[in-house]
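Data first, discussion second: the structure below is written as structure tokens.
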Amino acid sequence: DAGVTQSPTHLIKTRGQHVTLRCSPISGHKSVSWYQQVLGQGPQFIFQYYEKEERGRGNFPDRFSARQFPNYSSELNVNALLLGDSALYLCASSLAQRQQSYTFGSGTRLTVV
Amino acid sequence: KQEVTQIPAALSVPEGENLVLNCSFTDSAIYNLQWFRQDPGKGLTSLLLIQSSQREQTSGRLNASLDKSSGRSTLYIAASQPGDSATYLCAVIPQGGSEKLVFGKGTKLTVNP
């Protein structure tokens with residue numbers, strides 16, 4: 001079985017642009033979460049989706065948005081990119097909202113110049 | 001607000017040594033605690049998951065313990081190998097609210113041949 005897959009693996013954008021990151025969870029997993037990890041820090045929670053509904057949002061500005069599709073894949077969108085948005089964006093999936101073990105993808109490295 | 005602290009921030013040991021990584025959290029109301037490994041620029045690999053009702057979990061040379069009342073967990077690595085070199089992250093899921101992972105900043109481990 002494929003693990004959690006994220007695309008693209010690397011991305012370079014200019015300040016002010018928009019970016020869309022994609023995540024496919026493990027087959028059968030219904031919950032997808034997004035995390036931002038800046039260099040030298042632990043990952044910070046951005047969003048959690050379960051059964052296509054937002055179930056949690058971290059302390060991020062409204063420039064960050066996400067959605068989950070009927071096949072449980074997910075997109076993270078960031079508008080009006082800032083230099084500080086440069087980070088590794090990680091997607092995690094789990095079987096159910098109350099499932100307590102998370103599997104992470106390899107991440108998308110976003111660089112804003 | 002739940003906060004997770006990992007000590008030390010970095011650790012360098014010779015091959016073959018047994019070692020302990022520490023994790024502390026400020027609020028004992030957690031669902032579980034999970035230890036992850038992260039290689040440079042990569043995603044997270046789950047190592048061990050300890051439910052809030054459990055005291056420890058073991059996998060191969062790894063043993064993780066949980067003392068929820070004191071807000072502490074340790075990850076014990078036996079007979080360390082150069083391939084164990086990575087950053088080790090501890091994360092908890094706080095009770096109440098969204099089921100987000102709250103991470104520490106990690107311990108960067110280097111095992112020297």
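First the proteins, then the strands, lettered A, B, ... as listed; each starts at 1.
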Shared ILVMFWY cluster between [X] and [Y], side chains joined below 4.5 angstrom?
X: Tyr35(A); Y: Leu47(B); answer: no
X: Phe36(B); Y: Leu62(B); answer: no
X: Ile93(B); Y: Leu66(B); answer: no
X: Val4(A); Y: Val32(A); answer: no

Of the backbone (N, CA, C, O) and the side chain (C-beta and beyond), which part of Phe47(A) lies under 4.5 Å from a heavy atom of chain B, both, or neither?
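Neither part.
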Heavy-atom distances under 4.5 Å only: say whether Gln37(A) touches chain B with side chain, backbone, both or neither.
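Contact with chain B is through the side chain of Gln37(A) alone.
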Do Leu88(A) and Gln38(B) touch side chain to side chain, with heavy atoms closer than 4.5 Å?
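Yes; the side chains approach each other to less than 4.5 Å.
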Mind checking whether Pro43(A) and Leu44(B) have side chains closer than 4.5 Å, heavy atoms only?
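A side-chain contact under 4.5 Å exists here.
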Is any residue of residues 105-113 of chain A within less than 4.5 Å of chain B by heavy atoms, and which ones?
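Within residues 105-113 of chain A, the residues under 4.5 Å from chain B are Gly105(A), Ser106(A), Arg109(A).
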If you count every heavy atom of other residues, nucleotides or ligands that lies below 6.0 Å from [X] atom [atom1], does the total exceed 12?
X: Asn59(A); atom1: CG; answer: no
X: Arg55(B); atom1: CZ; answer: no
X: Leu39(A); atom1: CG; answer: no
X: Arg63(A); atom1: CZ; answer: yes
X: Lys42(B); atom1: NZ; answer: no
X: Arg72(B); atom1: CZ; answer: no
X: Ile12(A); atom1: CD1; answer: no

Heavy-atom pair of closest approach, residues Leu90(A) and Gly43(B):
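Where Leu90(A) meets Gly43(B) most closely, the heavy atoms are CD2-CA, 3.9 Å.
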Nearest heavy atoms of Gly42(A) and Leu89(B), plus distance in Å
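Answer, listing the atom of Gly42(A) first, then Leu89(B): CA-CD2, 4.3 Å.
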Measuring from atom OG of Ser33(A) to atom CG of Leu101(B), what distance do you get when rounded to the nearest 0.5 angstrom?
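So the gap between those two atoms works out to 7.5 Å.
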Tell me if the aromatic rings of Phe45(A) and Phe103(B) count as close, with their centers under 6.0 Å from one another.
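Ring centres of Phe103(B) and Phe45(A) not closer than 6.0 Å.
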Please flag which part of Lys100(B) lies under 4.5 Å from any non-hydrogen atom of chain A: side chain, backbone, both or neither.
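Contact with chain A involves both backbone and side-chain atoms of Lys100(B).
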Between Tyr102(A) (side chain only) and Ser46(B) (backbone N and O only), is there a donor and an acceptor less than 3.5 Å apart?
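It does not hold such a pair.
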